[in-house]
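This report refers to the structure that appears directly beneath it.
Residue indices begin at 1 and follow the sequence shown. A quick note: this is a predicted structure, and the numbers were derived from the prediction, not measured. Keep in mind that the numbers below use all heavy atoms, side chains included, and drop hydrogens, waters and symmetry copies.
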Amino acid sequence: MSVTAAQGFSAAGIAAGIKESGSPDLAVVVNQGPRCAAAGVFTSNRVKAAPVLWSEQVLKGGEVTAVVLNSGGANACTGPQGFQDTHATAERTAASLNSAGYDETGGHGAGTVAVASTGLIGLLLPMDRLLPGIDKAVAQLTPHGGEKAAIAIKTTDTVHKTSVVTRGGWTVGGMAKGAGMLAPGLATMLVVLTTDADVEAPVLDAALRAATRTTFDRVDSDGCMSTNDTVLLLASGASGITPEQAEFDQAVQSVCADLARQLIGDAEGASKDIRIEVINAATEDDAVEVGRSIARNNLLKCAIHGEDPNWGRVLSAIGTTEAAFEPDRLNVAINDVWVCKHGSVGEDRELVDMRYREVSITADLAAGTESAVIWANDLTAEYVHENSAYSS
């Protein structure tokens, strides 16, 4: 049930006519309380979409009663009108919820409604379709609507993405969209996470930031950063249970890790999922920097697509970083075969079996004890075709 697996949440996903295809394109998620605590992280791109700017302001209050998300248009680079449209979206959502009797938390106001959008940049949203669509979605809200909501936020995604973790009497659930422009800070993604644990906004914020740092921020499909990335975590408190911070952090981490893995598995045109683990680095930052450099090496990504264990391209990528290492101490394994030892030829590269979807690359910097994992994918002709004629 995705975002409605946790108690205290309802959701809906409908076709509002934003997409010319007629596919579902509008989702609403409502927190029915009794608590309405929330936290969020957003793109670090300096060019931010109007809904990101709006939702950043909303999250400053630490409370979100509802989230409205649309696919079919990013509402990015749309000037003052785009921000006005986002404001109107929040106002319409609040008014529609109040009219429908969703007032368990004391009523809805635009200032507690987060907004998220995904699709083509530089186009105004068709508000004459979106606003009536909100009323339609509110009329269809149900505690079983999580899957329909997840379907409605897809763009180039081939599948909808959901995840649920249940602990002793409380749950964390989530949905995500994302298939292209996947790069750190965040990826091109919309994610809504929910929990019925009885926790306050600072607890949510700590858990979300810790989880994002090692999951969504370490997915690197194509090195392109979006304008619309939004990850929200909402708490209803409906279970009446307050878990320990560490236990709660682990549950949020598990859901985020699962969703991040689903994102890379659905990357546009990809035929290989690449797990890059950097070990024995001097610092965690070094490990992350090296992992990202390897993930963004287009020559290597093409080699992986061709099932060629070209470890020289891994060393070349490592050499472009500021990380601490000695070239003659580097070791590289591809699918557990150490093809490079001490910066030179290692085991026979013909021993590497690359027929399967997942490919693992291990880069040993021999400079310390820190490590990090980055997920990437290969570069294919299908990726080029997808992005030369993108349709939201």
Side-chain angles (χ1 to χ4, degrees), residues 2-4 6 8-13 25-33 35-43 48-71 73-76 82-98 102 105-119 125 130-131 133-134 137-138 141 145-146 149-150 152-153 173-178 186 188-195 200-201 204-205 207-209 212 216 226-236 252 256:
S2 180
V3 294
T4 53
F9 292 93
S10 295
D25 50 23
L26 185 67
V28 176
V29 179
V30 178
N31 184 350
Q32 295 175 252
R35 183 184 291 279
C36 286
V41 291
F42 302 90
T43 182
K48 299 180 189 293
V52 170
L53 296 172
W54 171 268
S55 295
E56 284 179 330
Q57 293 182 19
V58 170
L59 265 296
K60 289 180 180 179
E63 182 176 296
V64 169
T65 58
V67 185
V68 57
L69 312 93
N70 75 271
S71 55
N75 194 9
F83 192 83
Q84 292 173 25
D85 289 346
T86 297
H87 190 176
T89 298
E91 287 188 326
R92 183 64 163 262
T93 302
S96 187
L97 288 169
N98 289 329
Y102 284 88
T105 58
H108 295 266
T112 60
V113 175
V115 181
S117 301
T118 182
L125 292 172
L130 191 154
L131 295 180
I134 291 172
V138 168
L141 283 168
I153 61 175
M175 67 177 184
K177 69 78 51 185
L186 303 159
T188 297
M189 61 175 67
L190 301 184
V191 179
V192 179
L193 308 170
T194 58
T195 183
E200 298 180 349
L204 297 176
D205 186 72
L208 184 61
R209 291 185 185 280
T212 299
F216 298 130
S226 171
T227 55
N228 288 62
D229 312 321
T230 299
V231 181
L232 303 174
L233 174 56
L234 316 180
S236 69
V252 174
C256 290

Measure the shortest side-chain to side-chain distance between Thr230 and Val52 over non-hydrogen atoms and say whether it is less than 4.5 angstrom.
yes
Measuring only between side-chain heavy atoms, which start at C-beta, is Val113 closer than 4.5 Å to Val58?
no
Quick check: does any side chain N or O of His108 sit under 3.5 Å from a backbone N or O of Thr93, one acting as donor and the other as acceptor?
no
Qualifying residues under side-chain contact (heavy atoms from CB on, under 4.5 Å), relative to [X], sequence neighbours excluded:
X      : value
Ser236 : Phe9, Asn31, Asp196, Ala238
Gln84  : Pro80, Gln81
Ala11  : Val3, Thr4, Val29, Ala149
Ala39  : Leu204, Asp205, Leu208

Could you report the tightest heavy-atom contact between [X] and [Y], atom names first, then the distance?
X      : Y      : result
Cys256 : Leu193 : SG-CD1, 3.7 Å
Phe83  : Leu53  : CE1-CB, 4.1 Å
Ala201 : Gly62  : CB-O, 3.7 Å
Trp54  : Ala90  : CZ2-CB, 3.5 Å
Ala6   : Thr194 : CB-OG1, 4.0 Å
Val191 : Ala176 : CG2-CB, 3.7 Å

Would you check if there is a donor-acceptor pair between the side chains of Lys177 and Thr118 at a distance under 3.5 Å?
yes
First locate atom [atom1] of [X], then atom [atom2] of [Y], and finally report the distance between them rounded to the nearest 0.5 Å.
X      : Y     : atom1 : atom2 : value
Leu131 : Arg92 : CG    : CZ    : 5.0 Å
Leu130 : Asp25 : CG    : CG    : 8.0 Å
Thr195 : Arg35 : OG1   : CZ    : 11.0 Å
Thr65  : Leu97 : OG1   : CG    : 7.0 Å

Partners of [X] by side-chain hydrogen bond (donor to acceptor under 3.5 Å, both in side chains), sequence neighbours excluded?
X      : result
Ser55  : none
Asn228 : none
Asn70  : Ser117
Thr89  : none

Those residues at least two apart in sequence (or on a different chain) that pass salt bridge (charged side-chain N to carboxylate O under 4.0 Å, His left out) with Glu56 are Lys48
Run the numbers on Thr43 and Thr227 for side chain to side chain contact (heavy atoms under 4.5 Å, CB included), then give the verdict.
CA-CA 6 Å; Thr43 182; Thr227 55; 5.7 Å; no
Between Phe42 and Leu59, does the side chain to side chain contact (heavy atoms under 4.5 Å, CB included) criterion hold? Intermediate values first, please.
CA-CA 11 Å; Phe42 302 90; Leu59 265 296; 4.3 Å; yes
Determine, step by step, whether Gln32 and Leu141 satisfy the side chain to side chain contact (heavy atoms under 4.5 Å, CB included) criterion, reporting the C-alpha distance in whole Å, the side-chain angles of both residues, the deciding distance to 0.1 Å, and the verdict.
CA-CA 11 Å; Gln32 295 175 252; Leu141 283 168; over 6 Å; no
